[in-house]
Amino acid sequence: MKEILIYVNDHPHEAISVNQLATHFGYNPSYLSRMFKEQMGLSLTNYVYETKLSRLYDDLIHRDESITALMEQNGLKNPRTARKIFVDMYGCLPKEIQKRHRQQRGRSN
């Protein structure tokens with residue numbers, strides 16, 4: 001599992017699927033998903049999304065690009081799913097984080 005965690009973290013800008021990871025590491029996708037969930041306590045898909053969304057959060061704070069562009073740059077190809085998991089993680093939408101931090105930067109200048 002360590003190699004999979006490293007791979008996901010080392011490829012932040014790529015769209016990563018369970019099938020792709022299974023092929024890359026020589027596993028059956030169902031087996032890999034099951035083993036990951038058993039060992040890590042969350043699904044592989046959620047781990048990939050959470051890793052990418054934490055990078056998106058950082059980008060929302062520090063960059064002034066559109067949310068769509070930032071999602072694409074972080075390998076998040078399904079905006080609806082990304083927004084749903086983002087809200088689960090942070091309690092608000094990406095646009096709210098971006099707006100809040102733009103306002104804070106404006107006040108500090």
Side-chain angles (χ1 to χ4, degrees):
M1 288 300 128
K2 183 177 179 180
E3 293 84 15
I4 293 168
L5 298 175
I6 292 168
Y7 183 90
V8 170
N9 283 289
D10 285 349
H11 296 85
H13 307 298
E14 297 175 21
I16 297 173
S17 70
V18 172
N19 287 337
Q20 175 194 358
L21 289 170
T23 299
H24 183 79
F25 289 99
Y27 291 106
N28 172 287
S30 296
Y31 175 78
L32 177 60
S33 292
R34 193 170 46 256
M35 292 305 297
F36 192 91
K37 176 110 179 174
E38 287 175 11
Q39 292 183 23
M40 301 303 295
L42 76 158
S43 75
L44 180 52
T45 300
N46 278 359
Y47 177 76
V48 170
Y49 267 100
E50 288 181 10
T51 301
K52 291 178 174 303
L53 288 172
S54 69
R55 283 191 162 87
L56 173 66
Y57 186 96
D58 190 57
D59 286 347
L60 291 169
I61 293 171
H62 296 103
R63 298 170 63 189
D64 286 327
E65 297 175 54
S66 75
I67 292 170
T68 302
L70 293 174
M71 281 187 175
E72 288 176 10
Q73 291 168 19
N74 282 286
L76 295 160
K77 303 299 183 194
N78 187 331
R80 174 181 272 171
T81 301
R83 278 191 299 273
K84 181 189 178 312
I85 297 172
F86 191 93
V87 169
D88 291 345
M89 287 175 67
Y90 299 108
C92 61
L93 291 166
K95 67 181 177 181
E96 295 171 44
I97 298 295
Q98 191 176 52
K99 180 180 178 183
R100 186 179 317 145
H101 287 279
R102 281 181 178 169
Q103 289 172 343
Q104 288 176 353
R105 283 195 310 256
R107 279 185 249 147
S108 66
N109 290 334

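We're numbering straight along the sequence, starting at 1. Just so we're clear, the structure is a prediction, and the values are computed from it rather than from any experiment.
Put simply, Leu5 and Tyr49 are part of two different groups of oily side chains (I, L, V, M, F, W, Y) that touch within less than 4.5 Å, one to the next. One hydrophobic cluster, built from ILVMFWY side chains closer than 4.5 Å, cannot hold both Tyr47 and Ile85; they sit in different ones. Under a hydrophobic-cluster definition in which Ile, Leu, Val, Met, Phe, Trp and Tyr are linked whenever side-chain heavy atoms come within less than 4.5 Å, directly or via other members, Leu21 and Ile6 are assigned to different clusters. At a threshold of 4.5 Å between side-chain heavy atoms, the hydrophobic network of Ile, Leu, Val, Met, Phe, Trp and Tyr places Ile67 and Val87 in two separate groups. Clustering ILVMFWY residues whenever any of their side-chain heavy atoms sit less than 4.5 angstrom apart, transitively, puts Met71 in a cluster other than the one holding Leu93.
Summarising the geometry, atom CG belonging to Asn78 is positioned 8.5 Å from atom CZ belonging to Arg83; distances are rounded to the nearest 0.5 Å. For the atom pair CE (Met1) and CG (Leu44), the distance works out to 8.0 Å, reported to the nearest 0.5 Å. For the atom pair Asp59 CG and Asp64 CG, the distance stands at 11.0 Å (nearest 0.5 Å). Taking CG from Leu32 and OG1 from Thr23, the interatomic distance works out to 10.0 Å, rounded to the nearest 0.5 Å. To the nearest 0.5 Å, atoms NZ (Lys37) and OG1 (Thr45) are separated by 10.0 Å. Rounding to the nearest 0.5 Å places CG of Asn9 at 12.0 Å from CD1 of Ile4.
Take Glu72 and apply the side chain to side chain contact (heavy atoms under 4.5 Å, CB included) test, not counting sequence neighbours, and it matches Thr68. Partners of Glu14 by salt bridge (charged side-chain N to carboxylate O under 4.0 Å, His left out), not counting sequence neighbours: none found. Checked against side chain to side chain contact (heavy atoms under 4.5 Å, CB included), Tyr90 has the following partners two or more places apart in sequence or in another chain: Ser54, Tyr57, Phe86.
Under the 4.5 Å side-chain criterion, counting only non-hydrogen atoms from C-beta, Tyr27 is not in contact with Val18. Counting heavy atoms from C-beta on, the side chains of Leu56 and Ile97 never come closer than 4.5 Å.
Checking side-chain atoms of Gln98 against main-chain N and O of Glu65 turns up a donor-acceptor pair under 3.5 Å. Side-chain N or O atoms of His11 include one that pairs as donor or acceptor with a backbone N or O of Tyr7 at under 3.5 Å. Asn28 places a side-chain N or O within 3.5 Å of a backbone atom of Ser30 that can act as its donor or acceptor partner. Side chain of Lys52 to main chain of Pro12: a donor-acceptor pair is present (N/O by atom type, distance under 3.5 Å, no hydrogens or angles).
Closest non-hydrogen pair, Ala15 versus Lys77, comes out as CB-CG, 3.6 Å. Annotation for Cys92 and Arg100: closest pair SG-NH2, 3.9 Å, computed over non-hydrogen atoms. The two residues Ser66 and Ala69 have their closest heavy-atom pair at OG-N, 3.0 Å.
Remark: of the listed residues Arg63, His13, Arg55, Arg63 is the sole one forming a side-chain hydrogen bond (donor to acceptor under 3.5 Å, both in side chains) with Gln73.
By the neighbour-count criterion of 12 heavy atoms within 6.0 Å, atom NZ of Lys84 is sparsely surrounded, having that number or fewer from other residues, nucleotides or ligands.
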